[in-house]
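Notes follow the structure.
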Amino acid sequence: MRIAVTGSIATDHLMTFPGRFADQLVADQLHTVSLSFLVDNLDVRRGGVGANICFGMGQLGTDPVLVGAAGSDFDEYRAWLDRHGVDTASVRISEVLHTARFVCTTDADHNQIGSFYTGAMSEARLIELKSVADRVGGLDLVLIGADDPEAMLRHTEECRSRGIPFAADFSQQIARMNGDEIRILLDGATYLFSNEYEKGLIESKTGWNDEEILERVGHRVTTLGSRGVRIEHRSEPSIEVGCPEEESKVDPTGVGDAFRAGFLSGLAWGVGPERAAQVGCMLATLVIETLGTQEYTLRRAHFMDRFTKAYGHDAASDVRAHLS
């Protein structure tokens with residue numbers, strides 16, 4: 001099963017200021033702020049939902065195809081993804097814009113001042129999925145993740161017109177989308193991904209209740225935070241999968257992307273939605289135990305030991321051969 005993942009590619013530049021922003025602000029001069037903070041450290045992390053999901057799939061050996069747009073500064077990031085099993089040949093490189101970037105400073109009180117530069121991500125709308133499919137010999141599923149909104153709409157319409165199954169995953173972009181756009185993006189999706197809050201927002205913005213949405217998608221996959229995930233289908237009993245026990249809780253950033261990586265890998269292996277969700281929850285647990293979205297290491301024996309403890313020997317026997 002060949003899966004393409006469309007979505008953002010970005011780097012995060014995270015800095016820490018040892019003082020308090022509030023101490024630097026003069027109440028009667030807020031209309032003319034001019035401040036510079038001397039920070040203690042700079043942490044540059046690879047990110048973007050498309051790249052994060054593909055990294056996880058690459059760790060699991062499912063050869064994902066990353067589809068997105070980056071700048072000429074993407075070379076080092078590309079090499080990293082290539083080394084970790086990601087097909088990056090369909091990433092569009094902008095001739096004039098840098099790769100999307102989030103720059104954020106956090107103070108001693110955990111207040112943050114940040115800026116997001118869209119950059120090359122805006123050119124994702126120029127990518128045609130047909131050329132991607134032709135290059136790799138066809139696509140069995142396209143995940144349409146958070147990206148340039150016009151790109152998300154174009155990819156969805158192209159999947160419909162070409163008969164390519166697709167998964168809808170609005171993620172961070174749902175806040176800026178209106179009901180009409182969301183209805184277009186989810187109608188006919190083989191899978192619809194969201195967390196609990198996004199689930200409510202989708203229903204509120206579209207005006208469709210849960211039953212009406214289930215009539216328009218194949219499976220609805222809702223992540224439930226520490227409670228795991230629920231998978232619904234209009235003609236089948238819902239499936240609920242819990243999370244493995246955490247060894248530590250370091251950083252929740254990228255946990256949702258890791259779940260999707262594991263779930264999609266399970267689909268590629270053909271192990272069914274319940275097993276796929278279990279793989280997703282196990283991978284998400286590794287990420288929450290790690291600082292950074294792509295800094296975890298998947299050690300097969302360790303992964304399977306913890307997977308077996310969480311989900312039992314029958315589940316492990318269905319998955320083990322695919323990790324060998």
Side-chain angles (χ1 to χ4, degrees), residues 1-3 5 45-47 49-64 66 80-87 141 143 167 169 191 193 195-196 219 221-231 237-324:
M1 187 176 185
R2 202 66 197 265
I3 299 176
V5 176
R45 298 183 193 166
R46 306 170 188 90
V49 297
N52 288 342
I53 294 169
C54 281
F55 176 84
M57 294 177 69
Q59 291 282 73
L60 290 166
T62 49
D63 303 318
L66 175 60
W80 163 266
L81 292 171
D82 288 344
R83 289 198 307 273
H84 289 86
V86 179
D87 180 339
L141 181 69
L143 176 101
D169 185 14
Y191 296 92
F193 290 95
N195 60 33
E196 279 189 294
H219 290 83
V221 183
T222 307
T223 55
L224 310 172
S226 61
R227 305 195 321 276
V229 61
R230 180 174 60 250
I231 304 169
S238 65
I239 298 168
E240 294 209 5
V241 171
C243 290
E245 184 178 349
E246 300 164 357
E247 293 180 350
S248 61
K249 191 169 186 176
V250 177
D251 183 6
T253 308
V255 168
D257 297 336
F259 169 79
R260 285 151 176 78
F263 187 88
L264 292 172
S265 294
L267 296 182
W269 295 336
V271 297
E274 182 176 10
R275 293 286 181 266
Q278 291 167 343
V279 175
C281 288
M282 186 68 253
L283 196 65
T285 301
L286 297 185
V287 173
I288 205 169
E289 296 170 351
T290 309
L291 184 62
T293 60
Q294 298 179 29
E295 305 307 317
Y296 60 97
T297 300
L298 195 154
R299 293 174 285 126
R300 265 58 178 175
H302 176 255
F303 184 95
M304 286 310 309
D305 285 346
R306 296 184 65 181
F307 186 89
T308 304
K309 180 180 178 181
Y311 302 116
H313 290 280
D314 288 345
S317 65
D318 291 340
V319 168
R320 183 174 289 106
H322 302 287
L323 280 174
S324 298

Roughly how far, to the nearest 0.5 Å, is CZ of R230 from CD1 of I239?
12.0 Å

For a quick test of reading the model, state the closest non-hydrogen atom pair linking R306 to L286 and the distance between them.
NH1-CD2, 3.8 Å

Show the nearest heavy-atom pair for residues A284 and A258, with the distance to one decimal.
CA-CB, 3.8 Å

Beyond-backbone contact of M304 with V319, side-chain heavy atoms, under 4.5 angstrom
yes

Sub-4.5 Å side-chain heavy-atom contact between D87 and D63:
no

Between CG on residue L267 and CE on residue M1, distance to nearest 0.5 Å
5.5 Å

I need the T285 OG1 to K249 NZ distance, nearest 0.5 Å.
10.5 Å

What is the minimum heavy-atom distance between Q278 and A315, and which atoms define it?
OE1-CB, 3.5 Å

If we only count heavy atoms from C-beta on, is the R320 to R300 side-chain gap below 4.5 Å?
no

Which distance, rounded to the nearest 0.5 Å, do you find between the OG1 of T308 and the CE of M282?
10.0 Å

Passes side chain to side chain contact (heavy atoms under 4.5 Å, CB included), E274 versus V241? Steps please.
CA-CA 7 Å; E274 182 176 10; V241 171; 4.1 Å; yes

With a 4.5 Å cut-off on side-chain heavy atoms, are R260 and V221 touching?
no

Residues that T62 engages under side-chain hydrogen bond (donor to acceptor under 3.5 Å, both in side chains), provided they are two or more places apart
S265

Is the shortest heavy-atom distance from the side chain of V250 to the side chain of T290 under 4.5 Å?
no

Work out which heavy atom in L60 is nearest to a heavy atom in G262; give both atom names and the distance.
CD1-CA, 3.8 Å

Would L298 and L283 count as a side chain to side chain contact (heavy atoms under 4.5 Å, CB included) if you check the C-alpha gap in whole Å, the side-chain angles of each, and the deciding distance to 0.1 Å?
CA-CA 8 Å; L298 195 154; L283 196 65; 3.6 Å; yes

A51 versus L66, closest heavy-atom pair with distance
N-CD1, 3.8 Å

Please report the closest heavy-atom contact between P273 and I231, naming both atoms and the distance.
O-CD1, 3.5 Å

To the nearest 0.5 Å, what is the distance between CD1 on I288 and CD on E247?
12.5 Å

Considering only heavy atoms from C-beta outward, does the side chain of C281 approach that of P244 to under 4.5 Å?
yes

State, yes or no, whether a side-chain contact exists between I3 and P64 at a heavy-atom distance under 4.5 Å.
no

Are E240 and R227 close enough that some pair of their side-chain heavy atoms sits under 4.5 Å apart?
no

For T293, all residues meeting side chain to side chain contact (heavy atoms under 4.5 Å, CB included), sequence neighbours excluded:
N52, T253

Contacts satisfying ring pair (Phe, Tyr, Trp, His ring centres under 6.0 Å) that involve residues 262-305 (not counting sequence neighbours) are F55-Y296, Y191-F263, F193-F263, F259-F263, W269-H322

